[in-house]
There are 2 protein chains.
Amino acid sequence: MQRTHCWKSFGGEQQVWQHESRSTGTPMTFAAYIPPQPGPRPVLWFLSGLTCTHANVMEKGQYQRLAAELGLLVICPDTSPRGEGVADAPAYDLGQGAGFYLDATQPPWAEHFRMRSYILDELPSLVAETFPVDMARQGITGHSMGGHGALILSLTAPGHFRSTSAFAPIVAPSKVPWGEKAFASYLGDDRAAWAQHDAVALIEAGARLPALLVDQGTADAFLEEQLQPDRLKVACADAGIPLTLGMHEGYDHSYYFIASFMQSHLRWHAGRLFA
Amino acid sequence: MQRTHCWKSFGGEQQVWQHESRSTGTPMTFAAYIPPQPGPRPVLWFLSGLTCTHANVMEKGQYQRLAAELGLLVICPDTSPRGEGVADAPAYDLGQGAGFYLDATQPPWAEHFRMRSYILDELPSLVAETFPVDMARQGITGHSMGGHGALILSLTAPGHFRSTSAFAPIVAPSKVPWGEKAFASYLGDDRAAWAQHDAVALIEAGARLPALLVDQGTADAFLEEQLQPDRLKVACADAGIPLTLGMHEGYDHSYYFIASFMQSHLRWHAGRLFA
């Protein structure tokens, strides 16, 4: 594993690392913010959305100031394997940049698109070896496709994450165009497999979280067709999952929205990770 | 003048505007952050460095949260005229993206490179007409070449700005490679003209500021060859200008440095603009 960038930031360090991944069979890049306090620190994972790399939230998410103050180590992975030998599609919502945080089972995707294994198994081991972390205290959040990732990984790996939140997540991918397209390609026609990667379906099938924070802009262009937070609201209500769903007038799907609510997510996770 | 982007951000709005500039004879783009409070608001100008547009600090400067809290309107102009009909050079430090906040007198630059007139005269008029501002309360800051811009514009337009600060500024361009190259091209051989655009030379010649805040990273790759803050320290000491010069261990020339100290600059300006 090689550190390719290191910038001092708010007393800590914003770093970028590259390594050969056995999960994806490709080089993978991730960002790590190391707060100034001595370790071991709790870890917050931020999973990014369609078209993004590790760099978008690192540059535009404005998490460093408060992560430094709270003493959170923040890991921001890439959204898919990448490279010339990796399957891709011309569309922005399939292939490279659109890994959907699952292990694909269908050709040509199954060879490299193994983001679930990468985020849940391989990268945590590397993080534990490399940084001053307390891996018993991990939280996860993400944006849009990455919000979907945060929800499904937390719902399907009980005990792995102590806290879960999301910004404008895809909550029911089996029911919306982004998810239908991705799941049909990566998982094939088996709808039972889809349900294992669909937050609302997982909750309906009995998966639970101790609490959940979701923020969503009302001016988000993807709100009605792709995001549909009411489906999550209903599922959480039926399941007794305490959901704090903030609907925010005038905010869109951009990193300006994410940055505006990043501080409250960091405080929410810190409250649970330091508890 | 046309608003091309508007994102809700921390309760206010991050906007981008485009207009035909009579100063430069080109279309010009700038960013404006409008805080949530009712007007008229004080205005803080942020001038960016070599290679940057209005977008770099808008995306990476992390000023929106505290500008919203303090009620500052923040204007981030581009660093030069741009376009196919505009003179340019292959180098990153001359021509488009490298306007140096002066009105060029030499061909081929004199036709469009009129950033001093643009920032001091034309754009303030447009800002006053367009936004809920109190133009009697303006402050200016900037980074690197933009720190140079903030210093020389404030030093040479007494009364225009109530507060002045800079991040890793070029303080004595006549004495360092970046400035020598730019001034020789834009202003020709007349060293007396150079001195009108050199902060240290201006202070030595009698220009004054009521106070000045400068932050600088000690790991900045340009520190010794291009920035040389000790020249400013000596000039301010000799002139009786109260300079707060923060030398920060381990910080480089990047936007991670800028963001880390943005909050203290905003508070410093707010303290003077609201006084």
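Throughout, protein chains are lettered first and strands after them, A, B, ... in sequence-line order, and every chain is numbered starting at 1.
Note that CZ of B/F257 is 11.5 Å distant from CZ of A/F10, once rounded to the nearest 0.5 Å. To the nearest 0.5 Å, atoms CD (B/E59) and CD (A/Q62) are separated by 11.0 Å. Here the straight-line distance linking atom NE2 of B/H5 with atom OH of A/Y256 works out to 9.0 Å at 0.5 Å rounding.
The candidate with the highest count of non-hydrogen atom pairs below 4.5 Å against chain A, out of B/K60, B/R65, B/E249, B/Q64, is B/R65.
At a 4.5 Å heavy-atom cutoff, the contact between A/Q14 and chain B is made by side-chain atoms alone. Residue A/E13 does not touch chain B at all, counting heavy-atom pairs closer than 4.5 Å.
Nearest heavy-atom pair, B/S260 versus A/K8, reported as atom, atom and distance to 0.1 Å: OG-O, 4.3 Å. The minimum heavy-atom distance between B/S9 and A/Y251, with the atom names listed, is N-CE2, 3.9 Å.
More than 12 heavy atoms of other residues, nucleotides or ligands lie within 6.0 Å of NZ in A/K181, so this atom counts as buried by the packing criterion.
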